[in-house]
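Inspection log for the structure reproduced underneath, given as structure tokens.
Residue numbering restarts at 1 for every chain, and letters A, B, ... go by the order of the sequence lines. Bear in mind the structure is a predicted one, so any value in this text is a computation, not a measurement.
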Amino acid sequence: KAGVTQTPRYLIKTRGQQVTLSCSPISGHRSVSWYQQTPGQGLQFLFEYFSETQRNKGNFPGRFSGRQFSNSRSEMNVSTLELGDSALYLCASSPLGGGQPQHFGDGTRLSIL
Amino acid sequence: SQQGEEDPQALSIQEGENATMNCSYKTSINNLQWYRQNSGRGLVHLILIRSNEREKHSGRLRVTLDTSKKSSSLLITASRAADTASYFCATGGSGGYQKVTFGIGTKLQVIP
């Protein structure tokens with residue numbers, strides 16, 4: 001089985017722009033979660049999608065949004081980028097969520113200039 | 001704020017030695033998980049221990065859980081250079097919701 005695939009791996013943007021990151025979960029996994037990882041804050045939960053519905057949301061501003069498609073693939077969008085959005089964005093999937101072990105992609109490294 | 005907090009934040013040992021990392025958390029849990037992250041990569045799930053378990057083994061890994069103290073420890077025996085990575089504990093995700101909270105991690109360096 002292919003693992004979790006995140007694209008692109010690296011991205012450079014400037015302040016004020018917007019960005020869309022993509023995540024393809026393991027086949028058959030219906031739960032997809034997104035995390036932001038920074039040296040200062042560690043891993044912060046962004047949101048979880050299950051069967052195309054946002055099931056849980058972390059404490060991030062509305063500039064961060066996501067969606068999930070019928071094939072379980074997920075996208076995350078960040079609008080009006082700020083310098084502080086520079087981070088590694090990780091996507092993780094599991095069959096049903098609910099505390100099951102998650103399978104992570106290698107992330108998208110986003111740098112804001 | 002982080003639910004789990006690992007201790008120590010950094011650990012350097014010689015190959016062949018044992019490495020012990022600790023995790024403390026704040027609220028009651030259904031299970032606790034440990035993950036490993038190699039530099040620049042995603043996290044890899046290592047082991048899950050349920051709240052009604054006290055100890056679990058997987059290869060060279062031994063995890064203990066003390067729910068009365070809200071703490072867990074991860075022991076890696078006979079460490080290898082390939083064990084060099086950051087290790088995170090994670091809690092949460094109960095009731096069908098995957099709002100899992102990670103600690104800040106322990107950075108382990110195993111010197112050959």
Side-chain angles (χ1 to χ4, degrees), chain A residues 3-7 9-10 21 23-26 29-51 53-60 66 68 74 87-109 111, chain B residues 1-7 9-10 21 23-53 56 58 61 63 65 72 85-107:
Chain A
V4 177
T5 304
Q6 291 189 246
T7 56
R9 284 280 280 136
Y10 303 93
L21 312 181
C23 172
S24 293
I26 289 174
H29 285 192
R30 294 163 64 189
S31 168
V32 174
S33 296
W34 288 88
Y35 297 87
Q36 180 194 66
Q37 186 176 29
T38 58
Q41 298 294 318
L43 270 155
Q44 304 270 333
F45 173 80
L46 279 155
F47 27 66
E48 184 221 358
Y49 284 87
F50 182 83
S51 294
T53 301
Q54 188 181 85
R55 191 158 69 169
N56 220 327
K57 191 177 191 305
N59 197 21
F60 278 80
Q68 186 181 34
S74 179
L88 180 66
Y89 290 88
L90 293 163
C91 165
S93 75
S94 66
L96 297 172
Q100 289 183 321
Q102 297 180 81
H103 299 258
F104 281 78
D106 283 338
T108 294
R109 172 76 61 184
S111 299
Chain B
S1 64
Q2 299 291 340
Q3 161 76 314
E5 300 217 355
E6 288 87 347
D7 168 51
Q9 290 192 26
M21 288 158 267
C23 167
S24 60
Y25 57 92
K26 295 175 183 146
T27 62
S28 60
I29 59 170
N30 285 345
N31 65 54
L32 184 143
Q33 302 177 50
W34 285 90
Y35 288 81
R36 183 188 77 230
Q37 183 180 34
N38 290 90
S39 182
R41 304 294 300 273
L43 280 73
V44 174
H45 182 263
L46 295 174
I47 197 164
L48 180 152
I49 186 166
R50 301 189 194 286
S51 60
N52 61 353
E53 297 175 308
K56 202 160 182 182
S58 177
L61 306 180
V63 169
L65 179 64
S72 173
S86 292
Y87 292 81
F88 297 85
C89 67
T91 58
S94 64
Y97 294 91
Q98 191 74 331
K99 190 173 180 177
V100 176
T101 306
F102 285 84
I104 57 174
T106 292
K107 201 163 190 174

Taking atom types as modelled, find out whether A:Q37 and A:Y35 have a side-chain donor-acceptor pair closer than 3.5 angstrom. no
If I measure from the heavy atoms of chain B, does A:Q6 come under 4.5 Å with its side chain, its backbone, both, or neither? neither
Testing A:S33, A:S31, A:S94 for side chain to side chain donor-acceptor pair (under 3.5 Å) with A:E48, which one passes? A:S31
Give me the contact list for residues 40-47 of chain B versus chain A, heavy atoms only, anything under 4.5 Å, ordered by residue number. B:G40, B:R41, B:G42, B:L43, B:H45
Distance col, row A:S74:OG vs A:F47:CZ, nearest 0.5 angstrom, shows 7.0 Å
What's the verdict on side-chain contact (heavy atoms from CB on, under 4.5 Å) for B:S24 and B:D7, showing C-alpha distance, side-chain angles and the deciding distance? CA-CA 8 Å; B:S24 60; B:D7 168 51; over 6 Å; no
Sequence neighbours left out, what passes ring pair (Phe, Tyr, Trp, His ring centres under 6.0 Å) with B:Y87? Give chain and number order. none
A:C23 and side-chain contact (heavy atoms from CB on, under 4.5 Å): which partner among A:T108, A:L90, A:V32? A:V32
